[in-house]
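Each chain gets a letter, A, B and so on, in the order the sequences are listed, and its residues count up from 1. Note that the coordinates shown come from a computational prediction; the quantities given were computed from them, not determined experimentally.
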Amino acid sequence: MSMVFYNTLTRKKEAFIPLEKGVVKMYTCGPTVYNHAHIGNFRAYIFEDQLKRYLKYKGFSVTQVMNITDVDDKIIRNCSEKKMPLEEYTRPFKESFFKDLDILNIDKAEVFPAATKHIGDMVKLIQSLLDKGLAYRTDDGNIFFKITAFPRYGRLQNLNPENLRSGGRVENDEYEKESVHDFALWKAWKPEDGEVCWNTPLGKGRPGWHIECSAMSMKYLGETFDIHTGGVDNIFPHHENEIAQSEGATGKPFARYWLHCEHLLWDGEKMSKSLGNMMYIRGLTDKGYSPTAIRYALLSTHYRQKLNFSLTLLDQSEKSLKRVDDFLFELDQIHKEGPVHEMVKKEVDRMLGKFEDAMDDDLNISPALASVFEMIRRINRIKTDVPITDGDKESILAALKKVDQVLGVIFSGNHQKSAELSDESIEARIAERDEARKNRDWARADVIRDELLKAGIELIDRKEGTTFRRK
RNA sequence: GGUGACGUACCCAAGUGGCUAAGGGGGAGGUCUGCAAAACCUUUAUUCGCCGGUUCGAAUCCGGCCGUCACCUCCA
């Protein structure tokens with residue numbers, strides 16, 4: 001009945017109890033709009049979508065906040081290279097992000113705060129860290145968080161600050177800070193930043209990366225809220241720093257449950273620009289894969305498991321979904337009055353029970369999906385000796401609609417169906433073919449069948465007559 | 001160097017002390033059909049990377065080894 005989630009903070013599965021009964025407040029790290037989001041990014045957004053949809057399924061009222069990072073080092077660099085204003089540079093990436101969310105049938109967050117619209121909130125937060133002695137300003141005007149002043153630093157990833165490797169990227173950092181591990185809250189304006197800067201009480205400059213999530217999450221969800229999610233790569237340093245900034249400023253616990261999504265791999269390796277193996281939603285739909293199959297492929301592996309994405313996986317996903325589609329098609333052909341059979345009801349309840357038990361257990365998607373396929377097979381078996389009634393049909397459809405509130409791939413999918421021919425004209429062609437078949441004119445009958453197939457209409461010959469299906 | 005995850009059939013993937021090792025894809029057989037197609041049904045791992053140990057009993061717990069992957073300052 002009750003849900004458990006694996007909490008990165010404690011490294012354990014814990015019963016989920018929101019701060020306020022029946023209400024869940026969650027924050028998800030959203031995109032940095034310096035490029036199009038790739039399928040690896042979307043794996044995380046799909047996970048968050050599953051989480052949110054399941055919470056709603058369980059009756060919670062959910063407020064989700066997803067940030068849009070529209071100012072950061074990469075964006076500024078690209079803007080100045082292209083000599084474009086920030087807004088103009090990020091706009092197309094924002095648009096494509098929202099378009100892809102729609103394509104993948106992802107439930108939208110209630111709030112999508114943009115970093116550039118919340119500079120004031122960040123400045124206030126930084127100010128309070130300065131006041132509390134948790135941050136310091138260097139001669140060049142930058143402001144850093146002093147991690148030695150926050151003893152709990154490092155607990156999210158079990159990292160001992162002493163053991164942090166001082167790698168190349170740190171050395172490249174030209175800012176003068178007290179400790180290499182201190183991170184920037186505020187970056188003073190430099191000529192390379194061009195037009196990108198804000199004049200604030202902290203000086204002329206721009207915020208560091210981590211501060212936006214602290215400022216915006218607390219603004220919309222409160223100083224302490226229920227769930228914070230992101231990819232595993234965000235655990236350190238991003239989420240670690242968020243905790244330090246937020247708890248340092250408020251003295252209160254920040255997020256209560258931290259859920260992290262594993263990476264998606266392509267050919268067994270992390271997708272990255274340097275490996276040249278980036279894959280985007282658009283690239284997959286251009287290859288002819290349906291958005292529903294992409295969604296299915298992204299959600300069908302448990303979120304804490306690495307997902308080895310491939311075109312083979314997409315092919316398999318298309319076929320798995322087709323099995324469900326076929327079942328619905330067959331169900332749609334049924335027109336027989338009568339109430340639901342006891343044995344059908346039993347299978348439906350069995351599916352719903354297994355689905356919930358699985359999802360309650362840290363969103364264990366595999367058994368949850370298995371419950372759907374198992375019901376399909378069992379109902380098909382029943383159908384071979386007991387005629388299914390309209391009552392059965394209703395009961396089955398209601399249950400599938402229920403689980404699809406979470407899955408979003410059964411009814412809500414974007415199946416492309418051929419619509420060239422009207423039902424009437426297809427029926428006429430079928431009648432024509434029936435006539436030919438009656439006359440044993442197989443050649444003529446097969447020509448009609450082939451023509452319809454080319455138009456995306458598949459004929460199905462049954463005992464009761466020929467029916468058709470759009471592909 | 002530090003931290004962590006993983007290794008289950010041809011492929012993807014559940015199961016984490018004991019009933020028949022889920023489910024999907026693929027393969028093989030069958031039902032239906034004028035022939036097909038589609039669909040549906042059945043079937044497909046005496047065995048869980050390897051080697052030891054604990055236990056009445058291990059894929060599951062412990063130890064070692066091998067292999068893959070990730071994180072360690074701005075990547076979901």
Side-chain angles (χ1 to χ4, degrees), chain A residues 11 28-32 37-48 69 72-74 147 154 157-170 172-173 180-184 208-210 229-238 240-241 260-265 268-274 296-297 300-302 304-310 312-313 315-324 326-327 329-330 333 354 358 364-374 376-377 380-381 383-384 437 440-442 445-446 449-450 453 458-463 467-469 471:
Chain A
R11 268 154 247 285
T28 24
C29 281
T32 300
H38 55 74
I39 53 167
N41 299 125
F42 281 103
R43 194 224 177 161
Y45 306 139
I46 290 272
F47 146 63
E48 287 144 4
T69 300
D72 87 324
D73 290 356
K74 287 186 288 280
I147 65 167
Q157 206 193 3
N158 221 9
L159 269 175
N160 181 346
E162 309 288 313
N163 286 337
L164 291 176
R165 187 166 62 180
S166 305
R169 279 192 279 193
V170 182
N172 289 340
D173 208 329
V180 284
H181 306 310
D182 288 349
F183 58 92
W209 175 44
H210 313 291
T229 67
V232 284
D233 53 339
N234 274 336
I235 295 174
F236 190 88
H238 185 51
E240 197 71 67
N241 293 352
H260 291 99
C261 180
E262 250 301 345
H263 274 138
L264 172 151
L265 307 176
E269 282 183 308
K270 183 174 159 175
M271 274 198 306
S272 73
K273 277 219 175 107
S274 51
Y296 185 90
S300 58
T301 295
H302 184 77
R304 283 192 290 115
Q305 188 76 26
K306 286 179 187 68
L307 166 62
N308 195 359
F309 202 84
S310 64
T312 314
L313 179 69
D315 287 328
Q316 294 187 354
S317 300
E318 294 276 14
K319 283 170 178 155
S320 300
L321 285 170
K322 184 164 186 307
R323 181 158 166 82
V324 182
D326 289 336
F327 179 74
F329 175 76
E330 295 297 333
Q333 307 284 300
K354 286 186 104 173
N364 197 354
I365 191 72
S366 293
L369 287 172
S371 76
V372 174
F373 289 104
E374 209 171 288
I376 289 175
R377 182 162 34 75
N380 277 333
R381 217 182 280 161
K383 264 190 346 196
T384 58
R437 292 174 79 202
R440 306 183 72 79
D441 182 357
W442 310 126
D446 290 350
R449 182 168 66 192
D450 289 348
L453 192 61
E458 183 174 63
L459 295 188
I460 301 149
D461 291 328
R462 298 173 196 268
K463 273 200 213 77
T467 172
F468 69 91
R469 186 174 174 176
K471 290 183 96 171

Next item on the list: Please work out if A/Asn41 contacts a base, only the sugar-phosphate, or nothing of the nucleic acid, heavy-atom cut-off 4.0 Å.
Entry: base
Check: Are any of the side-chain nitrogens in A/Glu374 or A/Lys354 under 4.0 Å away from the carboxylate oxygens of its partner?
Finding: yes
Next item on the list: Give a yes/no answer on whether the side chain of A/Lys322 brings an N or O atom under 4.0 Å of OP1 or OP2 in B/A39.
Entry: yes
Margin query: Categorize A/Leu459 for me: base, sugar-phosphate, or nothing, with a 4.0 angstrom heavy-atom threshold over every strand shown.
Written below: base
Next item on the list: In whole angstrom, give the distance that lies between atom CD of A/Glu240 and atom P of B/C75.
Entry: 17 Å
Check: B/C71 P sits how many Å from A/His260 NE2, rounded?
Finding: 14 Å
Margin query: From C-beta outward on A/Asp233, which listed nucleotide comes closest to its side chain: B/C75, B/G34, B/C6?
Written below: B/C75
Note to self: Mind checking if A/Gly230 touches a base, just sugar-phosphate, or nothing, with heavy atoms under 4.0 Å?
What the structure shows: sugar-phosphate
Check: Taking atom C1' in both B/G7 and B/U47, what distance in whole Å separates the two?
Finding: 15 Å
Next item on the list: State the pairing partner of B/G57; accept Watson-Crick or G-U wobble contacts with both distances under 3.5 Å, and report none otherwise.
Entry: none
Next item on the list: State which of B/G34, B/A13, B/U73 makes the closest approach to the side chain of A/Arg449.
Entry: B/G34
Notebook entry, point to check: Within 45° of the ring axis of A/Phe329 and under 6.0 Å from its six-membered ring centre, is that where the NZ or CZ of A/Arg469 lies?
Noted result: yes
Next item on the list: Would you please confirm or rule out a distance under 4.0 Å between OP1 or OP2 of B/C40 and any side-chain N or O of A/Arg323?
Entry: yes
Check: On RNA chain B, nearest-nucleotide positions of A/Thr384 versus A/Cys29: which is more 5'?
Finding: A/Thr384
Next item on the list: Counting heavy atoms from C-beta on, name the nucleotide in B/G25, B/C74, B/A76 closest to the side chain of A/Leu264.
Entry: B/A76
Notebook entry, point to check: Looking only at heavy atoms, what is the nearest atom pair of A/Ala37 and A/Phe42, with distance?
Noted result: CB-CE1, 3.4 Å
Check: Looking across every strand, which nucleic acid part, if any, lies under 4.0 Å from A/Ile365 by heavy atom: base, sugar-phosphate, or nothing?
Finding: nothing
Next item on the list: Among the candidates B/A76, B/U73, B/C35, find the nucleotide nearest to the side-chain atoms of A/Tyr45.
Entry: B/A76
Check: Which part of the nucleic acid does A/His263 contact within heavy-atom distance under 4.0 Å: base, sugar-phosphate only, or nothing?
Finding: base
Next item on the list: Mind calculating the distance between NE2 (A/His302) and P (B/C6) to the nearest angstrom?
Entry: 10 Å
Notebook entry, point to check: So A/Arg43 and A/Ile39, side-chain contact (heavy atoms from CB on, under 4.5 Å) or not? Walk me through it.
Noted result: CA-CA 6 Å; A/Arg43 194 224 177 161; A/Ile39 53 167; over 6 Å; no
Notebook entry, point to check: To the nearest angstrom, how far is A/Phe329 atom CZ from B/A37 atom P?
Noted result: 17 Å
Notebook entry, point to check: For atom C1', what is the distance between B/U73 and B/C65, given to the nearest Å?
Noted result: 35 Å
Note to self: Measure CD/A/Glu374 against P/B/C41 and give the value in whole Å, please.
What the structure shows: 12 Å
Next item on the list: Name the closest nucleotide to the A/Lys319 side chain, picking from B/C69, B/G34, B/G26.
Entry: B/G26
Item checked: Nearest listed nucleotide, side chain of A/Glu330, among B/A39, B/A36, B/C74 -> B/A39
Margin query: My understanding is that a pair needs two contacts under 3.5 Å, Watson-Crick or G-U wobble. By that rule, which nucleotide pairs with B/A21?
Written below: none
Margin query: Does A/Asn364 reach a base, just sugar-phosphate, or nothing at all? Heavy atoms under 4.0 Å.
Written below: sugar-phosphate
Notebook entry, point to check: Is A/Arg440 touching bases, backbone alone, or none of the nucleic acid, heavy atoms closer than 4.0 Å?
Noted result: nothing
Check: Contact class for A/Lys306 (heavy atom, under 4.0 Å): base, sugar-phosphate, or nothing?
Finding: base
Check: Does a side-chain N or O from A/Arg462 land closer than 4.0 Å to OP1 or OP2 of B/C40, or not?
Finding: no
Notebook entry, point to check: Could you go step by step and tell me if A/Leu307 and A/Leu313 meet the side-chain contact (heavy atoms from CB on, under 4.5 Å) rule?
Noted result: CA-CA 10 Å; A/Leu307 166 62; A/Leu313 179 69; 3.8 Å; yes
Check: Out of B/A39, B/A76, B/A22, which has the shortest distance to the side chain of A/Ala370?
Finding: B/A22
Notebook entry, point to check: Would you call A/Asp446-A/Arg449 a salt bridge at under 4.0 Å N-O?
Noted result: yes
Next item on the list: Rounded to whole angstrom, note down the P distance from B/C61 over to B/U8.
Entry: 16 Å
Margin query: Quick check on RNA chain B: between A/Pro367 and A/Asp446, whose nearest nucleotide comes earlier from the 5' end?
Written below: A/Pro367
Notebook entry, point to check: Any idea which of B/C35, B/A38, B/C75 is nearest the A/Lys74 side chain?
Noted result: B/C75
Next item on the list: Could you let me know what B/A70 is paired to, Watson-Crick or G-U wobble, both distances under 3.5 Å, or none if it's on its own?
Entry: B/U3
Next item on the list: Please state how far atom CZ in A/Phe373 lies from atom C1' in B/A14, giving the value in whole angstrom units.
Entry: 14 Å
Checklist line | Atom-to-atom span, CG of A/Asp72 to P of B/U73 - whole angstrom | finding: 17 Å
Note to self: Counting only side-chain nitrogens and oxygens, does A/Asn380 get under 4.0 Å of the OP1 or OP2 atom of B/C41?
What the structure shows: yes
Checklist line | Donor-acceptor pair between A/Glu48 and A/Thr229 side chains, under 3.5 angstrom | finding: yes
Margin query: Rounding to an integer number of Å, can you tell me how far A/Arg381 CZ sits from B/A39 P?
Written below: 18 Å
Check: Considering every strand shown, what is the Watson-Crick or G-U wobble mate of B/G26 when both distances are under 3.5 Å?
Finding: B/U44
Notebook entry, point to check: Relative to the ring of A/Phe183, is the ring of A/His210 parallel (under 30°), tilted (30 to 60°) or perpendicular (over 60°)?
Noted result: perpendicular
Next item on the list: Determine the contact category for A/Arg377: base if any of its heavy atoms lies under 4.0 Å from a base atom, sugar-phosphate if only primed atoms, P, OP1 or OP2 are that close, otherwise nothing.
Entry: sugar-phosphate
Check: Paired with B/U31: which nucleotide, if any, by Watson-Crick or G-U wobble criteria at under 3.5 Å for both distances?
Finding: B/A39
Next item on the list: Identify the nucleotide, in any strand shown, that forms a Watson-Crick or G-U wobble pair with B/U16, with both distances under 3.5 Å; if there is none, say none.
Entry: none
Next item on the list: Under 4.0 Å between any heavy atoms, over every strand shown, what does A/Leu313 touch: base, sugar-phosphate, or nothing? Just pick one.
Entry: sugar-phosphate
Check: Looking for any heavy atom pair under 4.0 Å, which part of the strands does A/His38 touch: base, sugar-phosphate only, or nothing?
Finding: base
